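Please read all numbers here as calculations on a predicted model, not as lab measurements.
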Amino acid sequence: MIGGSLLVSAQSYYAASEIKNWQMKWEGGTGDGGRTVPVTEQEGWMDMGTKAAMPQMPDGVTSAWTKITLPSSLYTSPAVYIQTIYALHVKVYMEQRLIFEGDRRFIKDNYSLLVPLDIGDNGKTMYIWTETLKDRIGIKDKIVVGEHNVLIKDYIKNGLIDVILGSAFVFVAVVLFVCAFYLNKEYFPIATSLAIVIASTGVLSITYSPFTYTFYSYLGPISVVFFDLALLSLLPALTFLFEKIFGPGKFGIIRKFRKFEMFYSLFCIICLIVNALSGDRFVEFYYFVSTKIIGIIMILQFILLIGCVVIFSLKRNKDAIIFALGFGIAAFTGVSELVWYYIKGGNYDLFYWKWALVVFILSLIVILGRRLAQNHQQVVKYSRELELFNNELQRSEKMEIISELAASVAHEVRNPLQVTRGFLQLLSEKSSGDERRYLFMALSELDRAASIITDFLTFAKPEFEQISLLNVNEEFKHIQSILLPLCHLNGGKMILEVEESLWVKGNSSKFKQALINIIKNSIESLGTEGAIHLLAYGQGDKVYIHIKDNGAGMEPAVLSRLGEPYFSSNKTKGTGLGLMVTFRIIEAMEGEIRFMSKKGAGTESITILPRAEGPDDSNSL
């Protein structure tokens with residue numbers, strides 16, 4: 001049976017029956033165009049059937065007769081359904097009565113026939129005359145006799161799925177082609193060639209379907225032209241797409257093969273135009289160059305691309321692996337069907353290729369999607385890097401302005417301040433009472449101004465006049481002795497964990513100044529029962545210094561602005577110069593500082609400095 005619809009008739013008790021045997025006879029000589037039915041001829045008939053191979057056509061023969069004996073079933077509206085019969089010109093006779101004729105003026109020999117019969121035709125003999133210009137002729141599939149209203153369902157469905165699938169391909173291709181104009185220049189040719197591949201596949205599916213030629217036979221000549229144009233576009237577009245994704249290949253073999261396909265496709269298009277203008281006078285030559293040779297080129301193309309895909313896959317190229325899966329399925333299916341087509345002498349209709357191409361197209365879409373996703377990630381990455389660079393550039397400009405300001409003003413301001421301080425100190429020694437207290441306040445403010453100027457000078461000139469080997473452990477002990485009283489006054493404690501024999505290069509006073517600035521900020525952020533953990537250790541060629549507190553912490557917006565001039569994180573009277581100077585000192589020591597903080601959970605600074613060799617070379621790297 002040909003489908004579930006053929007199991008039982010809707011209007012009778014007779015199920016559709018399959019005719020498995022029939023007879024075939026070559027029409028010798030020029031014949032009479034199928035006008036004389038060989039009813040009385042008993043010789044020359046060959047037994048055929050569903051299991052018998054189609055016979056080879058003798059030289060000079062272009063037509064044949066097929067004789068079918070119908071069963072004597074009592075169908076109320078009988079019909080004969082032949083899914084596939086090869087011919088260009090078909091005449092169907094019931095005994096000697098002509099009941100159907102079809103004549104195609106284009107090279108598409110795949111017929112699907114549904115012939116209605118009269119009730120009185122049950123048990124009679126049907127004669128089918130077929131004529132062709134190709135190498136195959138006759139009935140390919142089984143013959144089914146049954147109720148017309150049952151058989152017509154399978155008759156309509158034959159090839160309909162190909163049209164639906166092809167239409168979907170064309171729609172996707174149009175959408176992709178439109179979207180390609182919104183891509184950058186790098187991906188435009190890839191998306192365009194992929195759209196051509198998908199559109200060509202869709203057109204091939206539609207124009208190869210027997211549904212098109214069965215129900216829209218008047219579009220047959222146009223369909224054949226579109227089929228050829230789609231095939232001639234598919235091959236170079238597929239190779240071009242492969243070249244764009246994986247490159248021209250070794251010795252440029254993919255590019256050379258693509259150029260050959262383009263020239264051959266152009267040659268076939270010229271032959272198509274010449275044959276059309278000449279009224280199909282060169283149809284056999286055109287059929288040879290556009291069908292048989294194209295089939296061989298397709299086999300070579302598949303073999304070439306499969307070989308390249310295997311090579312790229314061995315290099316662990318992810319796109320190649322995806323391409324290999326999709327194209328491998330399509331190529332294996334296509335090559336197998338083409339080889340079987342040639343083995344059968346053309347007596348085979350390619351069927352599975354369209355479904356294999358669905359898998360292949362999906363793999364191409366996945367590859368294009370991966371490329372676009374990677375491109376998007378790259379754009380996001382570049383945007384973030386550009387933002388960081390812009391922030392760093394703004395910071396550098398601010399630092400440069402402050403450096404120039406400090407270098408030009410600090411020295412000029414410091415000298416009069418020192419003179420003023422000296423005179424005020426002399427006056428304070430001779431004063432008493434409130435006058436003496438006021439002078440001490442003035443001296444304190446002058447000292448504060450001098451400290452700010454010192455910070456400006458340190459920032460403007462962070463280079464060290466004296467560079468020496470610094471023992472981190474000893475430097476931290478000195479810093480601890482200085483800041484521990486201040487820490488106790490703020491209700492906190494200080495925990496020191498520093499490795500022995502940990503060395504860096506720098507200026508001792510500047511190094512202490514940098515760390516003191518950080519630790520003082522931590523002390524000032526502490527609450528009751530606060531703690532500051534000082535940790536230093538070596539790892540590889542780097543020294544890591546962690547200063548961690550459990551104080552108030554900072555929000556991300558504040559954390560991102562640390563080190564900016566005149567920005568104070570948590571002090572109302574702060575100038576913001578302390579951390580700014582600290583950053584410059586650490587930068588001058590070829591190091592870096594990172595801050596991590598959470599509001600209400602404390603702050604941690606990580607200072608990373610190059611590790612130096614100790615005096616005894618015990619820590620040489």
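The side-chain hydrogen bond (donor to acceptor under 3.5 Å, both in side chains) test with Thr239 is passed by exactly one of Lys259, Glu261, Arg255: Glu261.
Between Leu114 and Ile152 the shortest heavy-atom distance is CD2-CA, 3.7 Å. The nearest pair of heavy atoms linking Val92 to Leu98 is O-CD1, 3.5 Å. Of all heavy-atom pairs between Gly202 and Phe169, the closest is CA-CB, 3.5 Å. Nearest approach of Thr132 to Ala87, heavy atoms of both residues: CB-CA, 4.3 Å. When every heavy atom of Met24 is checked against every heavy atom of Gly138, the shortest pair comes out as CE-CA, 4.3 Å. Residues Ser209 and Val163 share a closest heavy-atom pair of OG-CG2, 3.8 Å.
A donor-acceptor contact shorter than 3.5 Å links the side chain of Glu147 to the backbone of Thr76. At least one donor-acceptor pair closer than 3.5 Å links the side chain of Lys91 to the backbone N or O of Gly33. With hydrogens and angles disregarded, a donor-acceptor distance shorter than 3.5 Å links the side chain of Thr212 to the backbone of Ile206. Here the side chain of Tyr75 pairs no donor or acceptor atom with the backbone of Asp118 at under 3.5 angstrom. A donor-acceptor pair is defined here as one N or O able to donate and one able to accept, closer than 3.5 Å; such a pair exists between the side chain of Ser278 and the backbone of Asn275. Between the side chain of Ser205 and the backbone N or O of Thr201, no donor-acceptor pair lies under 3.5 Å. Listed for the Asp228 side chain is no donor-acceptor partner under 3.5 Å among the backbone atoms of Val225. Listed for the Tyr93 side chain is no donor-acceptor partner under 3.5 Å among the backbone atoms of Trp129. In this structure, the side chain of Tyr208 does not engage the main chain of Asp162 through any donor-acceptor pair within 3.5 Å.
Side chains of Glu95 and Thr125: no donor on one and acceptor on the other come within 3.5 Å. No hydrogens or angles considered: a donor-acceptor pair under 3.5 Å links the side chains of Asn158 and Ser112.
Between Val145 and Tyr81 there is no side-chain heavy-atom pair separated by less than 4.5 Å. Val80 places none of its side-chain heavy atoms less than 4.5 Å from the side chain of Val144. In this structure, the side chains of Val39 and Gln96 come closer than 4.5 Å at one or more pairs of heavy atoms. Looking only at side-chain heavy atoms (C-beta outward), Ile82 and Ile128 come within less than 4.5 Å of each other. The shortest side-chain heavy-atom distance between Thr84 and Ile139 does not fall under the 4.5 Å cut-off. Using a 4.5 Å cut-off on side-chain heavy atoms (C-beta onward), Trp26 and Ile137 make contact. Residues Phe227 and Val203 are not in side-chain contact: their nearest non-hydrogen atoms beyond the backbone lie 4.5 Å or more apart.
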What's the verdict on side-chain contact (heavy atoms from CB on, under 4.5 Å) for Ile196 and Leu241, showing C-alpha distance, side-chain angles and the deciding distance? CA-CA 10 Å; Ile196 294 175; Leu241 179 63; over 6 Å; no

Are Tyr155 and Phe215 close enough, and set up right, to give a ring pair (Phe, Tyr, Trp, His ring centres under 6.0 Å), and what steps lead you there? CA-CA 10 Å; Tyr155 177 63; Phe215 295 97; 5.3 Å; yes

Please walk me through it: do Lys142 and Gln83 pass side-chain contact (heavy atoms from CB on, under 4.5 Å)? CA-CA 7 Å; Lys142 49 193 150 187; Gln83 183 173 345; over 6 Å; no

Begin from the C-alpha positions of Val115 and Ile99 and carry the test side-chain contact (heavy atoms from CB on, under 4.5 Å) through to its verdict. CA-CA 8 Å; Val115 184; Ile99 59 175; 3.4 Å; yes

Candidate pair Gln23 and Thr66, rule side-chain hydrogen bond (donor to acceptor under 3.5 Å, both in side chains), full reasoning: CA-CA 6 Å; Gln23 292 180 309; Thr66 300; over 6 Å; no

Applying side-chain hydrogen bond (donor to acceptor under 3.5 Å, both in side chains), run through Ser63 and Glu131 and close with a yes or a no. CA-CA 4 Å; Ser63 58; Glu131 184 182 36; 5.5 Å; no

side-chain contact (heavy atoms from CB on, under 4.5 Å) evaluation trace for Phe257 with Leu304: CA-CA 9 Å; Phe257 193 80; Leu304 172 63; 3.8 Å; yes

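Taking CG of Leu229 as the start and CG of Leu272 as the end, the distance is 6.0 Å to the nearest 0.5 Å. Here the CZ atom belonging to Phe260 is positioned 10.5 Å from the CZ atom belonging to Phe267, to the nearest 0.5 angstrom. Between Thr207 atom OG1 and Leu231 atom CG the span is 9.0 Å, to the nearest 0.5 Å. To the nearest 0.5 Å, atoms CG (Leu88) and CG (Asp109) are separated by 6.0 Å. Distance CD1/Ile68 to CG/Leu70: 7.0 Å, rounded to 0.5 Å. Here the straight-line distance linking atom CD1 of Ile297 with atom OG of Ser265 works out to 7.5 Å at 0.5 Å rounding.
Within a 6.0 Å sphere centred on CZ of Phe288, heavy atoms belonging to other residues, nucleotides or ligands number 12 at most. The environment of Phe226 atom CZ is sparse: at most 12 non-hydrogen atoms of other residues, nucleotides or ligands sit within 6.0 angstrom. Within 6.0 Å of CG on Leu300 lie more than 12 heavy atoms contributed by other residues, nucleotides or ligands. When the shell of 6.0 Å around CE of Met57 is examined, it contains more than 12 heavy atoms from other residues, nucleotides or ligands.
Both cation-pi conditions hold for Arg104 and Tyr111: the charged atom is under 6.0 angstrom from the six-membered ring centre and inside a 45 degree cone around its axis. For Lys67 and Trp22, the positive end is not near the middle of the six-membered ring at less than 6.0 Å and at most 45° from its axis.
Using a 30° and 60° split on the angle between ring planes, Trp65 and Tyr127 fall in the perpendicular class, above 60°.
The residues Arg258 and Glu243 are annotated as salt-bridged, a charged nitrogen and a carboxylate oxygen being separated by less than 4.0 angstrom. A salt bridge links Asp121 with Arg97; the closest basic N to acidic carboxylate O contact falls under 4.0 Å.
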